[in-house]
Amino acid sequence: WDFKSLYIAYCLGTLANIVILESKCKIILNYSKEYFDRGLFKALLRFSLPLCLNSIAFWFLSSANKLIVTWILGEAQNGYLAIANKFTGIIYLVSTCFQLAWQETAYSQENDINSKSTGEYYSKAFDLYTRILLVGVLIIIPVIKIIFPFFVDSSYNSSAPLIPLALMGTIMSILSSFLGSIFGGIKKTSIIFFSTLSGAIVNLIVIFSIIKVVGVNAANIAFLAGFTVNVLFRTIALKKLINMKVNYWYYVLFVPLFISVVLVYNYCNWVINLIVSIIFSCFCLLVLKNEIKIIWGGISRKSSRQ
C-alpha cells in the first residue's frame, strides 16, 4: 500500500487506543444528553477556539519552511534540512516527557492572576527550565559532532553545519510550548494564538527575504527568529498579566558561548569537541548545583526511610 500504510497504521493504532480507554472509562457507553452543560460547553469553546486557530498559525511557523525550501531550492536541499532536523528529536524527546507533566501541573494550580505567588511560581519554573535547555544545547552540539559520522552517510555531510541553528530553534520552540501551558493554566488562550501568529509572520518574512542569499540555512534562521519573537511576545504578556519575571541576561551570556561552541563544532575535530562537551557538562553541574542538591537530598531521605 506504499506510503498509505503509514496513515492506515496510525489510524489503527489510534483506534486501538480509543478502544482500550473506552473499555476502562465507559465514556461513550454512558453518554447521555442530561450530562450536557451549556455553560461549561461555552466556556470550553472560548478556551479551545483560539487553540484551533493557533494550530493553523503554528503550521506556518513550524512546518511551512520545508515546503518553501523544496519549492525554491529543490528536494535535495530539503533532504539536508530533514537530516539536520532529525537530531533535534533528541531534545524534543526529553522535553516532551517534561512538557506533559508540566502541562498537568500548570493546569492544576490555582492560577489567580492577581496573586503574587502565581507570578513567583511561574518565574522560578521558567528560570529553571531556561537554564537546563540553554546549558543542555551547549553540551549536545559537540556530542553530535562526535556521533554524526556513525548515524549519517557521508553523502549528507553538508547537513552537519545546519544542525546548531536547528537545535537553537528547537530550544525556543520548547520554551514557547512551556509558556503556552501557563496561558492555558490562567485561561488566556487567545494570547497563545496571537503570539504564534506574530511568530509565523516573522518566520515567513525572514525566509523569503534571505533564502536565495543564505540558502537552506535560511529555514533554520527564520524558524529561530519566528520562535524568538513568539517567546518574547509571551514573556512580555505574562509580565503584564501575572508579573512573571524573566532573566534576559541568560540569553546575553548564552550568545557568545553558543557562537564559540558552533565554531568548535564546525572547525575542530572530535577530540576538541569532546573536551568542550565535558567542560560544559561541568558548567551544567555548577549552574544547576542547588537543584541537584535538592534532588539528591530527596533521594537520600527516601533511601533512608526504606
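Positions are given from 1 along the sequence.
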Look up atom [atom1] in [X] and atom [atom2] in [Y], then write down how far apart they are to the nearest 0.5 Å.
X	Y	atom1	atom2	answer
Leu128	Ile132	CG	CD1	4.0 Å
Ile272	Ile146	CD1	CD1	10.5 Å
Ile171	Leu134	CD1	CG	7.0 Å
Leu21	Ile27	CG	CD1	7.5 Å
Tyr92	Thr170	OH	OG1	4.5 Å
Ile141	Leu165	CD1	CG	8.5 Å

Is there a side-chain contact between [X] and [Y] (heavy atoms, below 4.5 Å)?
X	Y	result
Phe233	Thr196	no
Ile144	Leu167	yes
Leu179	Leu238	yes
Tyr248	Leu232	yes

For [X], is the [atom1] atom crowded, meaning more than 12 foreign heavy atoms sit under 6.0 Å from it?
X	atom1	value
Trp71	CH2	no
Ile8	CD1	yes
Lys86	NZ	no
Lys26	NZ	yes
Phe60	CZ	no
Tyr156	OH	no

Might you point out which heavy atoms bring [X] and [Y] nearest each other, and give the distance in Å?
X	Y	answer
Val231	Ser176	CG2-N, 3.8 Å
Asn220	Leu162	ND2-O, 3.1 Å
Leu61	Phe223	O-CD1, 3.6 Å
Ala222	Asn65	CB-ND2, 4.2 Å
Pro142	Ser277	CB-CB, 3.9 Å

Under 4.5 Å between side-chain heavy atoms, hopping through other hydrophobics if needed: is there a path connecting [X] to [Y]?
X	Y	value
Ile140	Phe150	yes
Val137	Ile147	yes
Ile259	Tyr251	no
Val271	Leu263	no
Ile56	Leu49	no

Worksheet item: Would Asp127 and Tyr250 satisfy side chain to side chain donor-acceptor pair (under 3.5 Å), going step by step from the backbone distance to the final call?
Response: CA-CA 9 Å; Asp127 182 273; Tyr250 286 168; 2.8 Å; yes
Practice prompt. Classify the ring geometry between Phe227 and Phe58 as parallel (under 30°), tilted (30 to 60°) or perpendicular (over 60°).
Written response: perpendicular
Discussion item. Ring-plane angle category for Phe36 and Phe41, please: parallel below 30°, perpendicular beyond 60°, tilted otherwise.
Written reply: tilted
